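Below is one structure, written out as structure tokens; comments come after it.
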Amino acid sequence: MPSILKAPALQRGDTVALVCPSSRPFDPGKIAQSKRYLESEGFRVIVGDHVVKRYGNFAGTDDERLADFHAAWANPEVKALLCERGGNGASRLLPRIDYDLIRATPKILIGYSDITALHLAIHKMTGLITLHGSVVMDSRATAYSHDQFIRALMSNQPLGAVADPNVIEAYPPIYPPFRMVIREGQAHGRLIGGNVTLVMETMGTPYEIDSAGKILFLEDLHEEPHFYDECFTQLRQAGKLSAAAGIIIGHCASSEPQGTFVSNFSLEELIEQQMGDLGIPVIYGLRIGHTPDQCVLPVGAMASLKASADGVAITIEEAACL
Amino acid sequence: MSVIKPASLKQGDTIGIVAPGDYSRNNSELLVGRAALEKAGYRVKVGASVGERYGYFAGTDQQRADDFNAMLRDADVRAILTWGSIWGATRLLPLIDFEAARHDPKIIVGCGNVTALLNAFYQRVSLVTFHGAALGTFLGSNATYEAFIKAITVTDALGSVGQPRLMQGVEIEYPPLVPYVSGSASGVLVGGNLGAVALSLGTPDEIDTAGKIVVLEARDTKPEMISRYLTVLINSGKLSAAAGIVVGKCVNCVSKDTYNTFSFEGVLEDRLMGLAVPSLYGLRIGQARNTATIPLGVRATLDTESRTLVIDEAALT
């Protein structure tokens with residue numbers, strides 16, 4: 001494991017690259033919209049050459065997406081790579097990414113979902129702390145998300161206690177709550193994780209997730225409980241769950257059974273079955289993924305998780321950026 | 001590695017039925033399947049917890065494992081046929097008594113998620129197992145039934161398997177046989193369900209594909225997820241290490257997403273054509289009504305020119 005590497009925090013006036021290492025935006029106009037938004041935040045914006053190219057549901061071929069990614073990383077003006085969206089395709093690029101280039105010029109990388117592949121591979125190969133947080137497309141879905149996004153990009157201090165989104169209306173009730181305690185306990189370690197499907201896509205590869213002694217966070221979208229269970233079984237049998245110091249399962253939207261079975265377990269019940277007997281703290285519901293409110297978790301930063309009947313505290317103890 | 005081959009099934013032998021993963025909604029599968037097996041001249045023993053439900057599983061992990069292990073340890077049982085189990089059989093891997101199969105090798109047949117168990121039996125105790133018909137599918141068609149009975153009774157090498165039905169030399173059902181990378185290769189057959197193969201990575205039962213003919217089939221899986229499974233098998237070196245790749249007939253692997261995604265075949269082209277490994281798509285291997293039952297752990301030859309997969313080695317003694 002390489003030693004921890006950090007990128008300089010963003011400042012107003014810095015140049016950022018808007019990239020699509022996975023899928024292209026649903027609407028090409030969103031690129032211009034995101035560019036104007038980032039400019040309104042005080043950044044100069046360079047847009048990848050191939051962001052609206054099309055190959056299947058990828059933003060261009062692997063060569064084209066890789067060219068944009070490397071061009072941004074090689075450009076000395078660019079201080080951060082901001083992903084417009086996730087989708088599919090990032091894991092295909094992993095064997096061909098120039099990790100030496102990344103190691104030589106640490107930059108901020110932010111995104112989630114399919115971008116998990118880049119977080120896990122880059123952190124494992126270079127030690128760089130990257131930001132698991134909004135893609136630009138939904139970075140301003142709520143004031144909470146916007147605040148999390150901008151603060152993580154621009155702070156050279158520890159992000160501290162992870163706050164909950166403001167709940168303005170009590171009804172309709174939201175489920176799961178932001179921090180449901182599955183197992184009480186305390187954990188201290190570096191943050192690692194992301195999207196369940198993408199974590200699966202690292203298994204058995206040189207970029208396989210290392211969860212030993214770390215706080216493992218997982219989320220996904222639009223998958224049925226049995227799919228989560230197969231992935232949990234894989235991680236459990238690979239020793240990735242028992243090795244972790246603690247586990248945070250995010251709010252996994254649209255993950256109810258789709259009528260495949262007459263009776264079924266919910267995701268909540270499967271988390272309990274697969275992770276409840278590990279002797280480590282486990283919580284469920286944190287808004288880290290495909291939800292309008294998203295917090296930022298820096299991949300590789302030291303953090304603590306305290307889960308008890310009195311509540312849950314998650315604290316990012318280490319600065320993610322210089 | 002010398003493999004352990006079970007004895008062929010003989011008239012009057014007992015077939016044990018277990019449900020190692022999810023439960024089947026259709027109890028008639030058990031009734032009709034049992035009757036068909038008895039009519040074919042076999043005795044049937046049904047696992048004690050078959051019919052149990054625990055969420056979508058056919059009983060708790062321990063109940064399902066106890067059933068499986070009871071069949072493995074029962075000297076009367078000469079074959080184990082699985083029921084249901086598109087999901088959840090993987091949970092039993094730490095609980096299965098693999099050594100029992102070494103002491104008393106028997107025929108084990110399954111598909112879908114049971115693939116994980118089949119490959120583990122091969123990798124842990126060198127047992128030849130059978131991928132194909134399960135209790136709910138072996139009566140899917142005449143061809144499926146005949147292939148199933150042949151696979152568990154014949155002591156000769158099975159020869160060519162999984163050819164689609166032809167009429168005047170033309171395939172009359174979809175899909176046709178499609179080679180993506182031309183060539184011929186021989187090696188031991190491994191694999192089965194694509195998801196189960198991919199999700200073995202990183203675990204103690206991670207599939208070994210080096211020099212092997214890898215069979216892959218899927219059911220109810222979006223093309224995007226097929227692409228992801230193939231990508232992790234590529235990134236882990238599992239596909240480039242293989243001698244050949246056979247993609248069976250995949251059921252209901254269509255995209256519900258109309259947004260610029262690859263079709264199922266588009267995914268296969270995109271992921272397989274870049275490999276220097278011969279690959280053939282469309283053999284009747286998998287979970288469709290018309291499917292072959294193939295032995296895993298014996299030598300076979302893939303030839304894309306003749307569009308055949310030939311089992312070269314006997315699977316039974």
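Only a predicted model underlies this, so the values are computations on that prediction, with no experimental measurement involved. Below, each value reflects all heavy atoms present in this structure, side chains not excepted, and no hydrogens, waters or symmetry copies. Chain letters run A, B, ... following the sequence lines, proteins first and then strands; every chain starts at 1.
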Query raised in the report: If every non-hydrogen atom of B:G202 is compared with every non-hydrogen atom of A:A238, which pair is closest and at what distance?
Result: O-CB, 3.1 Å
Query - Least distance between heavy atoms, B:W87 atom then A:F227 atom - result: CZ3-CA, 4.5 Å
So for [X], is it side chain, backbone, both, or neither that comes closer than 4.5 Å to the heavy atoms of chain A?
| X | value |
| --- | --- |
| B:S227 | side chain |
| B:A198 | backbone |
| B:N113 | side chain |
| B:K238 | neither |

Could you measure the distance from the [atom1] atom of [X] to the [atom2] atom of [Y]? Nearest 0.5 Å is fine.
| X | Y | atom1 | atom2 | result |
| --- | --- | --- | --- | --- |
| A:E224 | B:D220 | CD | CG | 9.0 Å |
| B:T231 | A:N88 | OG1 | CG | 7.0 Å |
| A:L94 | B:I234 | CG | CD1 | 12.5 Å |

[X] versus chain B, heavy atoms under 4.5 Å apart: side chain, backbone, both or neither?
| X | value |
| --- | --- |
| A:L235 | neither |
| A:T233 | side chain |
| A:T197 | side chain |

Query raised in the report: Parallel, tilted or perpendicular: which fits the ring planes of B:F57 and A:F265, with parallel below 30° and perpendicular above 60°?
Result: tilted
Query raised in the report: Do the side-chain N and O atoms of B:T90 and A:Q234 include a donor-acceptor pair separated by under 3.5 angstrom?
Result: no
Query raised in the report: In terms of heavy-atom pairs under 4.5 Å, which option from A:M200, A:E201, A:E269, A:M203 contacts chain B the most?
Result: A:E201
Report summary line: Counting heavy-atom pairs under 4.5 Å with chain A, the top scorer among B:R271, B:K222, B:E206 is B:R271
Query raised in the report: Of all of B:D61, B:N235, B:V267, B:D205, which one pairs up most often with chain A through heavy atoms under 4.5 Å apart?
Result: B:N235
**Report entry** Worked verdict on A:N57 versus B:E224 for side chain to side chain contact (heavy atoms under 4.5 Å, CB included)
**Finding:** CA-CA 9 Å; A:N57 64 340; B:E224 180 187 320; 4.0 Å; yes
Report summary line: side-chain hydrogen bond (donor to acceptor under 3.5 Å, both in side chains) test vs B:R91 passes for just one of A:Q273, A:Q237, A:E230, namely A:Q273
